[in-house]
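As the structure is a computational prediction, the values presented were derived from the model and not from experiment. Below, each value reflects all heavy atoms present in this structure, side chains not excepted, and no hydrogens, waters or symmetry copies. Note that ligands are numbered from 1 as they come in the structure, with each ligand's atoms numbered from 1 the same way. Just so you know, residue 1 is the first one in the sequence shown, and it goes up from there.
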Amino acid sequence: MHTVRSHEKIPDESYRKMVLTLMDRQAGREIATAEVFGQCVIHAPSVDDKIRITRYQNEELKHFKLIAKLMAELGVDIDAYVRNRQKAGARFTGDEADIGVEDWIDATLFNFMIDRAATFQLGEYIKGSYLPLARANEAIVKDEEGHKSFGEVCLVAMCRDEATRAEIQRRFKKWFVAAMRIFGRPGTPGNRYCIEAGLKTRDSGEVAAAYLDSIRPVMAQCGLHFPAGGELGVELAPQTDLSMSPSGARATVSAGRTG
Ligand SMILES: [Fe+2]
Ligand SMILES: [Fe+2]
């Protein structure tokens with residue numbers, strides 16, 4: 001599939017529908033992330049941290065606007081989209097009530113895991129055939145790199161305290177599941193279509209595996225481990241590796257088994 005340079009050059013209805021689906025998912029998450037950052041501000045331990053989080057929140061809303069502009073070109077009523085709480089709020093766990101940030105531990109786990117998952121997912125769109133979406137995400141990913149680094153620094157610092165580390169491990173699953181949901185189910189017809197149409201380069205399972213490889217060393221440094229696959233309640237690709245062995249030296253475990 002050749003590069004599609006603008007919405008006027010969209011080749012057919014299937015392509016149009018899939019581009020809209022990808023943008024709908026991303027836009028929903030951008031606005032939901034801004035809302036979650038609103039909760040994080042309450043728990044940020046210092047004024048500098050509060051300023052930083054409000055800057056991130058502002059950036060997420062700008063990300064939303066970049067994608068919303070492309071959706072509007074394809075006929076989406078953005079004002080109605082923003083008003084629809086079902087779309088805006090329930091993007092991470094499927095249950096809006098469940099993305100509550102209770103304290104700075106939740107805020108840090110959110111920042112460490114969700115922004116990094118977004119970076120991997122949006123990296124696929126940058127390489128994708130729909131040029132307006134690729135261009136928008138080049139700008140977005142630059143911001144996300146900063147967000148995820150902050151999450152990592154906070155996580156490493158907090159895990160030096162044994163009791164805090166135990167609490168972080170206890171809560172890890174909730175935020176991990178939310179991060180894995182960003183990639184979507186592996187091996188679906190939608191994934192196959194996206195690869196054929198050049199909208200993505202890899203199946204969701206492969207993107208998720210690359211994400212896990214990137215958080216594994218940080219978790220090892222923190223003394224954390226992945227939850228068992230069977231406990232997660234999300235469909236994992238066969239190549240999903242929830243072990244803590246460094247990449248290359250491990251055997252792939254099948255999805256659903258303890259890592
Ligand atoms: Fe974002
Ligand atoms: Fe972000």
Legend entry - Phe37 ring center near Phe110 ring center (under 6.0 Å): yes

Legend entry - Side-chain cluster (under 4.5 Å, hydrophobic types only) that Ile51 belongs to, other residues: Val47

Legend entry - Under 3.5 Å side-chain donor-acceptor pair for Glu30 and Gln26: yes

Inset, instruction - Output all residues satisfying ring pair (Phe, Tyr, Trp, His ring centres under 6.0 Å) with Phe183, sequence neighbours left out; order by chain, then residue number. - result: Tyr211

Inset, instruction - Write out all pairs satisfying salt bridge (charged side-chain N to carboxylate O under 4.0 Å, His left out) with one or both partners inside residues 67-80, taking only residues at least two apart or from two chains. - result: none

Inset, instruction - Run through the protein N/O/S atoms less than 2.8 Å from the Fe ion (ligand 2) and write them out by chain and number. - result: Glu60 OE2, Asp115 OD1, Glu144 OE1, His147 ND1

Legend entry - Name of whichever N/O/S atom of Glu30 is nearest to the Fe ion (ligand 1): OE1

Legend entry - Glu162 atom CD: more than 12 heavy-atom contacts under 6.0 Å: no

